[in-house]
Protein chains: 2
Amino acid sequence: MRRWRTTVTHVRIAATEPDEPTAEPDAPTAEPDAPTAEPDAPAAGEDKPRRQRGEQTRQLILETALRLFRERGYTETTMRAIAKEAGVAVGNAYYYFDSKEHLIQGFYDRVQLAHRAAAEGVLGGEKEFAARLKGVLHAGIDVNGPYHAFAATFFKTAAEPSSPMSPFSRESSPSRESAIGLFREVIEGSNVKLDRDLQKELPELLWLAWMGVILFWVHDKSPGQRRTRRLIDGVVPLIDRLVRLSRIPVLKPALRQVLALIDSVRRDD
Amino acid sequence: MRRWRTTVTHVRIAATEPDEPTAEPDAPTAEPDAPTAEPDAPAAGEDKPRRQRGEQTRQLILETALRLFRERGYTETTMRAIAKEAGVAVGNAYYYFDSKEHLIQGFYDRVQLAHRAAAEGVLGGEKEFAARLKGVLHAGIDVNGPYHAFAATFFKTAAEPSSPMSPFSRESSPSRESAIGLFREVIEGSNVKLDRDLQKELPELLWLAWMGVILFWVHDKSPGQRRTRRLIDGVVPLIDRLVRLSRIPVLKPALRQVLALIDSVRRDD
DNA sequence: GTGCGACGTTGAACGCGTTCAAGGCGGCGA
DNA sequence: TCGCCGCCTTGAACGCGTTCAACGTCGCAC
């Protein structure tokens, strides 16, 4: 084990152990430190601020890896090839990434970001729940599209329950929360009226449905994955209808039953 | 590549094909030549019929592998260990099995058989659809239970779309068909009345739901996987209600919509 | 300047799944 | 009896992901 996903934080580490024992000179004479901004971006001083040397190498390795993954596929890309192409020793890649799988997290983050951006359009201008949901789902397939072959080769890695790459794992929790937030926006920005308890659960349920779509997509060998497109177009109206039905008094008991099931299944881990 | 699941062969294997064609001395004295029968089949000769030597080795390797998988887990069991324990060379294992993954298929077949047997009880005596479904699902968890840790370690292998171990793959088609048949029995042996088109699709849909339960089960770390039990208990009444609703005239259009979606998604592969 | 300690980097080495050329071995036709 | 052919078996070897002891290298305290 080692570091993990240096979020921001100039320099590194972070993750589980919050505080850095390493001095933190903090406010030296010069250099205003720029706490919230990107750590690199050499404002005027051209010569490399040494603390970032590692981060530079890290990025270099990650970029190289993702490029090779795209060009050759995941399994066909060897760690030796990544290291050679990046001009470092193979052991160096393992200094920054715990394993080959961990390189994928960089891909996740990137796609997640692109999904948000691609969803911006429909979320900004559309008020209808069904249209918003459909737009977001199609946007997700759009941004994942170029990586379909690649995704299929590393999907197994994500499916392993104990793997940090599993969408249900603790390590994936940031990007998962981000994705669930996206579906929360789908709901809250729409004019749909919901049962209150359902409203609490729905974002996660929609994310779960999205995972199902992804599962289907990964197995979808039709040209352009058009079967997945049809699945989305067909399933969204059904969800829309179901969600609206949840407000009808006669169906309240049924809704309660479903919500109780979700709650009971979630308990004790 | 080499053979694959030699159907053939008296001696053993069994699984799908129930009857053993071995000789069957039957008409003792004269032996009427049995023209269409297999040419070998040593009537009384005790010494090993050479044709079966290979099959013996195959079984030895499979048994050894499954035992070690159970004892140590999938990834922790090496091919070298299997070979050593079985007293053969490592290359010999690859003569009978294309890869380490292919050893799992033997496990699949065994569990599938056990599932059928365990479901026998409830399918024989129960007429209520919900009770039958619930019984079959619980029986499935029962027989898989002892292998929960093992299953988690090889689950990734099954999830890879291109893997022969994928439940959706062509290679898994025999055990998949068998499982779907199990759910067809659940329906046909019950007193539930169904829309005709739904009846055609329902077995596969129930199998799909079963795959979902398995997916949940693999990730379920609660003691004894009791969350999975609760999931089954909660989801079966919902399915039962939904299925009965399908006969109500007002809801026919909705049902047609769902079935049309399934059909459209299935087209072109 | 000198030494120190942490960060960064190296490449040989390990154990794994898998492949392959080579060689038994045993029954059958001559 | 001999030789052949095809099933079966072998273990060294390959390339992979991963580990690790060792070695720079640089900023800082003295």
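Below, chain A is the first sequence line, B the second, and so on; all start at residue 1.
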Hits for side-chain hydrogen bond (donor to acceptor under 3.5 Å, both in side chains) against B:Thr77, two or more places apart or cross-chain, chain-then-number order -> none
B:Glu76 meets the side-chain hydrogen bond (donor to acceptor under 3.5 Å, both in side chains) criterion, sequence neighbours left out, with none
Note to self: So for the helix from C:dG1-D:dC30 to C:dA30-D:dT1, with five pairs setting each end axis, what is the inter-axis angle to 10°?
What the structure shows: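 What I find for the helix from C:dG1-D:dC30 to C:dA30-D:dT1 is an axis angle of 30°.
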By side chain to side chain contact (heavy atoms under 4.5 Å, CB included) - contacts of [X] (at least two apart):
| X | result |
| --- | --- |
| A:Leu215 | A:Phe155, A:His219 |
| A:Ala209 | none |
| B:Arg116 | B:Gln112, B:Ser178, B:Leu182, B:Glu185 |
| A:Val143 | A:Val111, A:Ala114, A:His115, A:Ala118 |

Value in whole Å for how far the [atom2] atom of [N] lies from [atom1] of [X]:
| X | N | atom1 | atom2 | result |
| --- | --- | --- | --- | --- |
| B:Leu103 | C:dG17 | CG | P | 11 Å |
| A:His102 | D:dG17 | NE2 | P | 16 Å |
| B:Lys100 | C:dG15 | NZ | P | 16 Å |
| B:Ile104 | C:dG17 | CD1 | C1' | 13 Å |

B:Ile141 and B:Trp210 have their tightest heavy-atom pair at N-CH2, 3.9 Å
With salt bridge (Lys or Arg N to Asp or Glu O under 4.0 Å) as the rule and sequence neighbours excluded, what pairs involving residues 139-151 of chain A come up?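 The answer is A:Asp142-A:Arg229.
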For residues 78-85 of chain A, which side-chain donor-acceptor pairs fall under 3.5 Å, sequence neighbours excluded?
| unit_1 | atom_1 | unit_2 | atom_2 | d |
| --- | --- | --- | --- | --- |
| A:Thr78 | OG1 | A:Ala81 | N | 2.9 |
| A:Glu85 | OE2 | A:Arg67 | NH2 | 3.4 |

Q: Compute both the distance and the angle, then confirm whether B:Lys100 meets the cation-pi test with B:Tyr74: under 6.0 Å from the six-membered ring centre, within 45 degrees of the axis.
A: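 B:Lys100 over B:Tyr74 ring: yes.
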In numerical order, the residues of residues 70-84 of chain B whose heavy atoms come under 4.0 Å of DNA chain C are B:Thr77, B:Thr78, B:Met79, B:Arg80
Counting just side-chain N and O atoms, does [X] come under 4.0 Å of either OP1 or OP2 of [N]?
| X | N | result |
| --- | --- | --- |
| A:Ser99 | D:dG17 | no |
| B:Tyr94 | C:dT18 | yes |
| B:Tyr96 | D:dT9 | yes |

Might you list the N or O atoms of the protein lying below 3.5 Å from N or O atoms in nucleotides 10-12 of chain C, with each pair's distance?
| unit_1 | atom_1 | unit_2 | atom_2 | d |
| --- | --- | --- | --- | --- |
| C:dT10 | OP2 | A:Ala89 | N | 2.7 |

> Quick one: salt bridge (charged side-chain N to carboxylate O under 4.0 Å, His left out) partners of B:Arg110, sequence neighbours excluded?
Replying inline: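 Once residues adjacent in sequence are excluded, the partners of B:Arg110 under the salt bridge (charged side-chain N to carboxylate O under 4.0 Å, His left out) criterion are B:Glu63.
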